[in-house]
Structures are given as structure tokens and as C-alpha cells.
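Each ligand, and each atom within it, is numbered from 1 in the order the structure gives.
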Amino acid sequence: MGTGTLSIDLAAIAANWSALDRFSTAETGAVVKADAYGTGIGRAARRLAQTGARKFFVAVAEEAADIRQAIGPDPEIYILSGHMSGDTDMIADLHLIPLLSSIDQMLRHFEALPGTPFGIQLDTGMNRLGMEAGEWEAVKSLVLPQNPMLIMSHLACADDPSHPMNAQQLAAFIEMTDGIDAPRSLAATGGILLGPEYHFDVTRPGIGLYGGLPFADATPVVSLSLPIIQTRDVLAGESVGYGNTWIAERDSRIVTVSCGYADGILRVMGPKTHFFANGTAVPVAGRISMDSICIDVTDVSDLPSALELLGPQQSIETLAQNAGTIGYEILTSLGARYSRRYVG
Ligand SMILES: *Cc1c(COP(=O)(O)O)cnc(C)c1O
């Protein structure tokens, strides 16, 4: 079998949820959009539900089918993109709660599914999704008697505790929702770490559950092991890979593993990235291809049958740094071709 093995530690996801839950007095939800950040939405959601999560968040209604199946009828599933045209049947059949982000969505929901649960999404300065203060003011008296399940907004800069935007958005959220008798939610992972004034009634952690920053104390969740499919010796002066970008400076031993940029190992990370052979760091040799990567193992005396890319020696954050991106993008890019193994 040539495919790599992506191990997903469900006990670590549960431990991260519990740790974030202990941080706040609010109810802790769980964001499971994008296939639970690449970890597998059904398995992750079921474990989170067993651990105590009762409010789940997905980006789009289509993502909810698998988790409804996994967690049963009771937990709430919120849709961050609200009620889009074409969503009505799914919302009704799966008992979803759209977080309405515009007056159009509000009218659509009230007309198509009157009397069914919904939440409201407010914009407090990010300018991405949600009703602005003026719109909200205009419809508030219509919305509140319908008992919204949740009134939420999202922070733009919560990964930087010193950013003045955090306090600005907090003040705007309080101003837009003060005195309202509905549960409120402002904080994702970063917001939880900013402190209790950001927690309100419900928090919405995502990345922290899956082991990523800004939750620095998170337990790592994924590890990735790639079997070696070929070993060869190259002579000093010979080249390896596309474009001949790597030239052996000495007689070298090169192995090839079958994974590449089609599996989320981004081409751009090549020059800075190491794999691990029984704990020894070994550098990528040449360009990352679509399905294979060559690695210089000349300095390894006892070559294992597989190399590690993610695990105790190297986190998603290191790969993110190597690629000039964030752990979120590394996780959600890990492709469908790995064989997935659930542990814990
Ligand atoms: C993705 C998302 C979250 C989760 O954010 P993390 O930074 O991954 O914790 C919460 N709320 C909204 C609106 C989101 O889009």
C-alpha cells in the first residue's frame, strides 16, 4: 500500500474541547465545518457529542447531513452561512438552525419555515457576514419576538490579544445586543483565550479542538506517516526531481514517498521542510511533485520503512510556517487520499 497513514487522535480532540470548556463559564460549542478541519466530520462530531458538546456549527447546510447521522436528533446544528435559497428542505428535514446574516435571509426563513428555530449573525466590524447595526436596528423588533436561538458575531483579530480591534468589536457587540433576552456568542478559539468578557453564553471553538494555534496548549491531533516506495543512491553531481533544482553535493541516498501537493503537502513548503526517520530530521530533496516527494536520507544509518511528516517531532504549525500560511490551511488541505486511522 503506497498511501500515507493519517492518524487522527479522537481522545486529543475530546481533551482539547474539555480544556477550552474549562476556560469559560459559557456553554462550549464545537465548529466542525470543512470536514471537522479535515479530521472527519462524523467521527469528530460523535466524539465531541460524547464529551459534552451540544451545539455544533457548520459552514453550509450540506455539511450537516453527516453529523446529524453521527450525533442523533438532539444536539443543535447551526449553519454559519445562514438560510440560502435551496436550503429549506435540508433545514427542515435535518432540524438545522440557520444563522441569518441579512434581511433577505431573514425574510426567506420566516416565509419558508415560519416558527422554526433560527439565529442571527451580526457584523461588528469584520465586514464579512452579518447584519450591520442599521439593518439590525430596523428589524430587531420583528426578530426578537420570534425567540432567536442565538445572536452571534465574529472577531477579526482574536489571534492577536493586543489588537485594538478586539475591544472595538466587543463594544459594538454589547451595544447591538445589550438587554436582549437571547443567548449570545462572540468567541471562537482566539476569543475564548482573550478572557471571560468575550465569552457571553456560547463559545464556538474550531481550530483549538484540532490542535492548532492560537490554542498553544492544545494536544496535537493529527500525525502523518508515509511509506517509502523507493530507495536509490545518486552520485555527487546528479540531480533529483523536476527542474533539476536539487543537485547532490556528495554521493547521496534518496528515498521517495508517495504523497505530494495533491495531498496537501504544498509545493511551496519544500525548501524548508523536513521529514523524520526514527526521530532524525531529513530534508526534502528537490521539488514536491503531485504524488511523490524525494528526501535525502544520506545521514540515516538505520532506515525505517516509513517517514513521519506530522507527529511529535513536527506540528502543523511548523509546516504552516514553512509554507507561509496558518495551521488551519495545512489541516484543511490534507487530502482524501490518505488512509485514515482513528485512535484514542
Ligand atoms: C470558523 C469559524 C469559527 C471557528 O473559528 P476557530 O478560529 O477555528 O476557532 C467560529 N465562528 C465562525 C463564524 C467561523 O467562521
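Within the listing of ligand 1, atoms 9 (O) sit less than 4.0 angstrom from a heavy atom of Pro205. For ligand 1, the atoms closer than 4.0 angstrom to any heavy atom of Tyr37 are 1 (C), 4 (C), 5 (O), 6 (P), 8 (O). For ligand 1, the atoms lying closer than 4.0 Å to a non-hydrogen atom of Thr189 are 6 (P), 9 (O). Using a 4.0 Å cut-off to heavy atoms of Met152, the atoms of ligand 1 that qualify are 13 (C).
With respect to atom 11 (N) of ligand 1, the closest heavy atom belonging to the protein is Arg204 NE, 3.0 Å. With respect to atom 7 (O) of ligand 1, the closest heavy atom belonging to the protein is Tyr328 OH, 2.6 Å. The single protein non-hydrogen atom nearest to atom 1 (C) of ligand 1 is Lys33 NZ, 1.4 Å, given as residue, atom name and distance. Closest to atom 5 (O) of ligand 1, if we only count protein heavy atoms, is Ala188 CB, 3.3 Å.
Of the N and O atoms on the side chains of Thr177 and Arg184, at least one donor lies less than 3.5 Å from an acceptor on the other residue. Between Gln230 and Thr256, the side chains place no donor N or O within less than 3.5 Å of an acceptor N or O (distance only, hydrogens not considered). The closest side-chain donor-acceptor pair between Thr298 and Asp296 falls under 3.5 angstrom.
Although no hydrogens or angles enter the test, the distance criterion places a donor-acceptor pair under 3.5 Å between the side chain of Tyr338 and the main chain of Asp263. Formation of a donor-acceptor pair under 3.5 Å by the Ser315 side chain with backbone atoms of Glu317 is found in this model. A side-chain donor-acceptor contact under 3.5 Å links Glu63 to the backbone of Ala59.
Considering backbone and side-chain N/O of Gly190, none are found under 3.5 Å from N/O of ligand 1. For Gln121, no nitrogen or oxygen atom sits less than 3.5 Å from a nitrogen or oxygen atom of ligand 1, counting backbone and side chain alike.
With a heavy-atom cut-off of 4.0 Å, Ile207 touches ligand 1 through backbone and side chain alike. The proximity of Arg128 to ligand 1, defined as any non-hydrogen pair under 4.0 Å, is limited to the side chain.
Between Lys55 and Glu27, at least one side-chain nitrogen of the basic residue sits less than 4.0 Å from a carboxylate oxygen of the acidic one, meeting the salt-bridge criterion. Using a 4.0 Å cut-off between charged side-chain N and carboxylate O, Arg337 and Asp291 make a salt bridge.
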